[in-house]
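Everything below concerns the one structure shown next.
In what follows, every heavy atom counts, from backbone to side chain, and hydrogens, waters and symmetry copies are set aside. Numbers restart at 1 for each chain; the letters A, B, ... are given by sequence-line order, proteins then strands.
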Amino acid sequence: MKEEEEQQQRWRWWEEEKYKDGIKWKYLEHKGPVFAPPYDPLPPNVKFYYDGKPFPLSLQAEEVASFFAKMLDHEYTTKDIFRNNFITDWRKEMTLEERMVISELAKCDFTEMFTYYKGIMEERKNRTKEDKLKLKEENEKLMQEFGFCIMDHHREKIGNFRIEPPGLFRGRGDHPKQGMVKKRILPEDIIINCSQDSKIPKPPTGHKWKEVRHDGSVSWLASWTENVKGSVKYIMLNANSKLKGEKDWEKYEVARKLKFHIHHIRKTYCENFKSKEMKVRQRAVALYFIDKLALRAGNEKEEGETADTVGCCSLRVEHIKLHPELDGEKHVVEFDFLGKDCIRYYNKVPVEKQVFKNVKLFMEGKQEGDDLFDRLSTPLLNKHLQLLMEGLTAKVFRTYNASITLQDQLQELTDPNDGVPTKILSYNRANRAVAVLCNHQRAPPKTFDQSMANIKTKIDARKEQIELAKKELKEAKKEAKEKDSEKLKKVVEMKRRAVQRAEEQLMRLEVQATDKEENKQIALSTSKLNYLDPRISVAWCKKWDVGLEKIYNKTLRDKFAWAVHMTDTDFTF
DNA sequence: TGACGGACTTGTGTGGACTTGG
DNA sequence: CCAAGTCCACACAAGTCCGTCA
């Protein structure tokens, strides 16, 4: 409750005016990032072996070896690409002498190091309560000093104030760069962004910043270029900040605006299915998929630099199968491709006849590896969308369709007569419909079967308990009827309550089991965090008197404080 | 128009904190 | 009170989209 109060106390940025012309802030002061702790060398008794013999390593080579040693029980270290990239990068860190000897990873023995680090982890886990408390306090102190900034007179929380420590790059799926060494970032790599009239952060002693700039048109406080992909990384504010919140609010407003244009847009792209211009037809069909299936835009990617994943515009012929008829349905398109994060998208969808014919046409004369939409790119698509509605891009359709689906599903599934637990089940089901639409999948948790079985056992036990309680109630009633006494009446009442309580518990368990089962392979958190207009959820909670904390955890309530504050029961998306 | 980099959002996995039930 | 299970915050990877430059 205390936190809720704190939240109420928080500055209501949404009641203030925004800056114009791309200005993000006028005053920004912070302490700079926190760097990764320096490498802690191995004790002399822990050895690395090459070709069966102990082989002492230079400090630099040892540090990189430790990255691999710590991961020995991870699947990554069995993959060829990972191993090859690692040994190549590792050898770059070696001295000439080391490089002369160490050439084959298969001859490297890291097991002593692995065991050593395992032991340290174990020790860490078994720390005493006092130690844990002390660490927590130290962390808190660091957070208070480096975890906040002053932006235009307000103290704002920073999202990530720690620089990423060095290690091995863990790309997802078949990433060609997995296993490469992520180098240690030094102050000399860091660009600091703050206002000129602020207290400029001091670099650690003996070091200098790469650059200090004062750019109020961007939101980041510090940045550096990472060595594996050469991309820029940033220190930015927490999701509950004004800067992030305003942007998020704006996103949902753009999505809401689409509601007024969607009818016309859909009509237009259906007309364009018959366009004489191939480019227009392809654009229309792609847009149809983006709208109907909530596919991502699908930017072009540099070949060989990333895993082979696609979105709508980058679909290739091998990702599509056409079924004139399938399971009693006509014009079925079968999608099978790897999307963002190498998550598989598999779906069989009956489509408009015109779409089906078009896709067939687009595929004619093409072979594996060819683009389905060879005349289309995301910039082209977005340029077109911009003309249809200001601020419209491909990803707005995902936000729009996710939010409108939640709203419709809540309307459909919520039964006013239900109790709170069942209403929450309805909410989760509505949320689930969105997650399915957006293909937010997850691997079933490793403990899933076990914990499912546990719930079933509990349910059975409850049922038995109810039987017993009912029997006792019956007997108590019978006794009370025979001998009319106050004491017996009380007993009957007690037994009645016991039955009721047990039945309520049973119902709660059954709802829990259903929810869990339906959620086995589906992740709700992503859509909740990124796609669902929080005002829909807040309004629903207020309308049905469901505590917001049943739907949103503290982080979400904090992030969506603006929505919590401004939304009433009558909000419609 | 096409490559490219920069800025920002979206996404999953994970370790540790927190909760719960025996 | 402890172990097991669950949940959350965080780390950081991987997208989208825009502006610039040739």
Side-chain angles (χ1 to χ4, degrees), chain A residues 22 24 36 74 76 121 124-125 127 132 135-136 139 143 147 157-165 167 169-173 175 177-178 182 191 193 215 217-220 223 225-226 228-234 236-239 243-244 247-248 250-251 290 296-302 305-307 309-314 338-343 377-383 385-386 391-399 402 435 438-443 445-448 450-452 454-455 457-458 461 512 516 523-531 552-556 558-559:
Chain A
K24 301 276 165 81
H74 201 291
Y76 271 121
M121 291 289 273
R124 199 173 287 178
K125 254 186 227 161
R127 277 183 294 225
K132 277 186 186 167
L135 247 106
K136 207 175 167 181
N139 243 322
M143 165 87 110
K157 200 170 172 199
I158 299 170
N160 56 324
F161 59 90
R162 283 169 217 271
I163 299 287
E164 294 173 15
F169 176 70
R170 293 149 97 122
R172 312 237 162 103
H175 200 295
K177 300 200 168 188
Q178 62 184 155
K182 264 174 60 169
I191 303 173
N193 193 28
D215 184 354
S217 73
V218 294
S219 69
W220 53 268
S223 73
T225 303
E226 153 267 6
V228 174
K229 289 161 293 170
S231 59
V232 188
K233 299 248 178 175
Y234 303 92
M236 287 186 189
L237 295 188
N238 184 272
L243 231 45
K244 293 283 185 188
K247 210 64 193 302
D248 211 36
E250 204 180 291
K251 174 182 81 183
I290 284 171
R296 295 185 191 83
N299 282 319
E300 247 173 61
K301 308 203 295 177
E302 222 176 321
E305 296 291 298
T306 61
T309 63
V310 297
C312 185
C313 294
S314 49
L338 295 182
K340 181 173 177 181
D341 289 308
C342 290
I343 301 291
S377 65
T378 50
L380 229 57
L381 177 64
N382 281 333
K383 211 169 276 175
L385 293 175
Q386 200 62 236
L392 187 62
T393 61
K395 84 187 186 76
V396 178
F397 284 86
R398 242 167 111 80
T399 313
C438 294
N439 199 38
H440 290 142
Q441 297 184 14
R442 62 164 186 181
K446 278 169 199 144
T447 54
F448 185 87
Q450 184 56 54
S451 60
M452 203 64 210
N454 288 348
I455 292 185
T457 318
K458 275 189 213 162
Q512 200 190 337
K516 201 183 187 77
L524 300 184
S525 56
T526 309
S527 49
K528 220 182 238 183
L529 195 63
N530 299 306
Y531 288 104
Y552 282 167
N553 64 34
K554 191 177 156 287
T555 314
L556 286 168
D558 215 19
K559 167 172 174 165

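- The minimum heavy-atom distance between A:Ala307 and A:Cys342, with the atom names listed, is CB-SG, 3.8 Å.
- If you measure from atom CG of A:Asn238 to atom P of C:dC10, you get 8 Å, rounded to the nearest angstrom.
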- Could you walk me through whether A:Ser219 and A:Lys244 pass side chain to side chain donor-acceptor pair (under 3.5 Å), step by step? CA-CA 9 Å; A:Ser219 69; A:Lys244 293 283 185 188; 5.2 Å; no
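- Nearest heavy atoms, A:Asn160 versus A:Tyr234: ND2-O, 2.9 Å.
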Letter by letter from the 5' end, nucleotides 13-22 of chain C scores (B base, S sugar-phosphate only, - none; protein heavy atoms under 4.0 Å) SBSBBS----
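- Side-chain nitrogen and oxygen atoms of A:His74 include at least one within less than 4.0 Å of the OP1 or OP2 phosphate oxygen of B:dT14.
- Considering only residues two or more places apart in sequence or on other chains, A:Asp215 meets the salt bridge (charged side-chain N to carboxylate O under 4.0 Å, His left out) condition with none of them.
- Following rounding to the nearest Å, A:Lys528 (NZ) and B:dT9 (P) show an atom-to-atom distance of 21 Å.
- Within the 4.0 Å cut-off from OP1 or OP2 of B:dG11, at least one side-chain nitrogen or oxygen of A:His440 is found.
- Heavy-atom minimum distance, A:Lys177 versus A:Val228: NZ-O, 3.1 Å.
- In this structure, the CD atom of A:Gln441 is 12 Å from the C1' atom of B:dT12, given to the nearest Å.
- Residue A:Gln178 is out of contact with every strand shown, counting any heavy-atom pair closer than 4.0 Å.
- Residue A:Ala394 comes nearest to A:Leu381 through the heavy atom pair CB-CD2, 4.3 Å, listed as atom of the first residue, atom of the second, then distance.
- Checked against B:dC18, C:dC10, C:dA9, the side chain of A:Thr555 finds its nearest nucleotide in C:dA9.
- When all heavy atoms of A:Arg296 and A:Ile290 are compared, the closest pair comes out as O-CG1, 4.5 Å.
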Check the interface with nucleotides 5-7 of chain B: list each N/O to N/O pair with the protein under 3.5 Å, or write none.
unit_1, atom_1, unit_2, atom_2, d
B:dA7, OP1, A:Trp220, NE1, 3.4
B:dA7, OP2, A:Tyr234, OH, 2.8
B:dA7, O5', A:Tyr234, OH, 3.4

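- Comparing A:Thr526 and A:Lys383, the nucleotide of DNA chain B nearest to each residue sits closer to the 5' end for A:Lys383.
- Within 6.0 Å of the CD atom in A:Glu300, the count of heavy atoms belonging to other residues, nucleotides or ligands does not exceed 12.
- If you take CE of A:Met121 and P of B:dG15, they are 6 Å apart, rounded to a whole angstrom.
- Atom P of nucleotide B:dT1 and atom CG of A:Leu380 are separated by 7 Å, given to the nearest angstrom.
- To the nearest angstrom, C1' of C:dT6 lies 15 Å from CG of A:Leu524.
- At whole-Å resolution of the value, CG in A:Asn553 and P in C:dC8 are 5 Å apart.
- Within the 4.5 Å cutoff, the side chain of A:Lys559 has heavy atoms near those of the A:Leu529 side chain.
- Distance, A:Leu338 CG to B:dG11 P: 16 Å, rounded to whole Å.
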